[in-house]
Amino acid sequence: MKIIGTGSAHPKCAVTNEMLEKFLDTSDEWITERTGIKERCVISSEKLEDMAALAANRALENAGLTAADIDFIICSNVVNEYVTPALSCIIQGMIGATCPTVDINAACAGFVFAMDMAEDKLKCNKAKNILIVCAEEPSRMVSWENRSTCVLFGDGAGAAVVTQGDDLKAIRLTTSSLTEVLYYQRHLEPTPYIDKPEEFEPLVMKGREVFKHAVTNSCRDIRKLLNETGLEATDIKYYVLHQANRRIIDSIRNFLGVEEERVPHNVERYGNISSAALPALLDELNRAGKLQKGDKLVFSAFGAGFTTAACVIEWGI
Ligand code: ACO
């Protein structure tokens, strides 16, 4: 697998911490100190698929391909307005592709899970070019009356075009069924036969437990991958980590003992945009000209499940 194009898109409505102070018992000081987040972009008049298609088209353009060149689309998404059809079907039509598509839900770790699936398809020649689109609107999962969760999230999309190549050096996926630390149950229609108690509530998160799992598992994944590839922590140009919280990012960086400049972040501008965080940050690095051919990159993400996913790639364009 080789990444040959990246793209991203964010909603136009930027909500600052000061704006949240107007209707929540919170403060810019608390949010900044505990999370590093200063603002997040949230969906208002846009639809999630508009951003997904925009990110996808930008990635295609960056790759020098058109939708007709794509053999498969993988969309990583936790929630959107449609339960069916899959978001990937909607994106396919919007960008004018005709290939098969599938949605996956590995929560915030979705981008690396999608890369793993893409690698398998490319390896056995079932596809030449694959479009990965991560499109997320976690702002619609939280209660905007709950200061513990709503301040953390934003919406957005990130995309990458991958083709056959040898740039994926190692990858590691894990799932541990720890469903009670982070979950969101969607409302289902009633039927005349339902006789079990059902409660639907906005996102529930045990913040401190999530924090602990995130740091421990991400450090474990990265160390295992470095060991497997024979690389030193300092051989890695950038650690592209899930953008959930600046303190989580800093803790991982401190445990790994790497310098600040190797761990880019944009959580301060976008908040946690779930699986879109990694490809959106990668796109920023790519478009800023910060990636050179041969650079080694580590991706590491974690999310509800509890899922974790990490990989080492060599930048090849
Ligand atoms: N403003 C002001 N006070 C707040 C806010 C807020 N926005 N949110 C919570 N508080 C209060 C709490 O009510 C609590 O008050 P109390 O002591 O009177 O009860 C106090 O602040 C401390 O709350 P804690 O939850 O203990 O604060 P903590 O230091 O653990 O920080 C946080 C909370 C930021 C959520 C932290 O636990 C965290 O970052 N966890 C990881 C969250 C995360 O990354 N989630 C998503 C990852 S997976 C995915 O991406 C889907």
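Count residues from 1 along the sequence. Order of appearance sets the numbers: ligands from 1, and atoms from 1 within every ligand. What you see is a predicted model, and the numbers here were worked out from it, not measured in a lab.
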Look at the rings of H242 and F302 and say which category their plane angle falls in: under 30° parallel, 30 to 60° tilted, over 60° perpendicular. perpendicular

For T234 and R262, work out which heavy atoms get closest and say how close. O-NH1, 3.0 Å

Nearest 0.5 angstrom please: L173 CG to F113 CZ, how far? 4.5 Å

Would a line drawn from the ring center of Y270 to the ring center of H10 be shorter than 6.0 Å? yes

List, ordered by chain and residue number, the protein residues whose closest non-hydrogen atom lies under 4.0 Å from any atom of ligand 1. D25, T26, W30, R34, T35, C108, R147, S148, V151, L182, M205, G207, R208, V210, F211, H242, A244, N245, R247, I248, N272, F302, G303

Could I get the full list of side chain to side chain donor-acceptor pair (under 3.5 Å) partners for D221, not counting sequence neighbours? R172, T308

D295 (side chain) donor-acceptor with Q292 (main chain) under 3.5 angstrom: yes

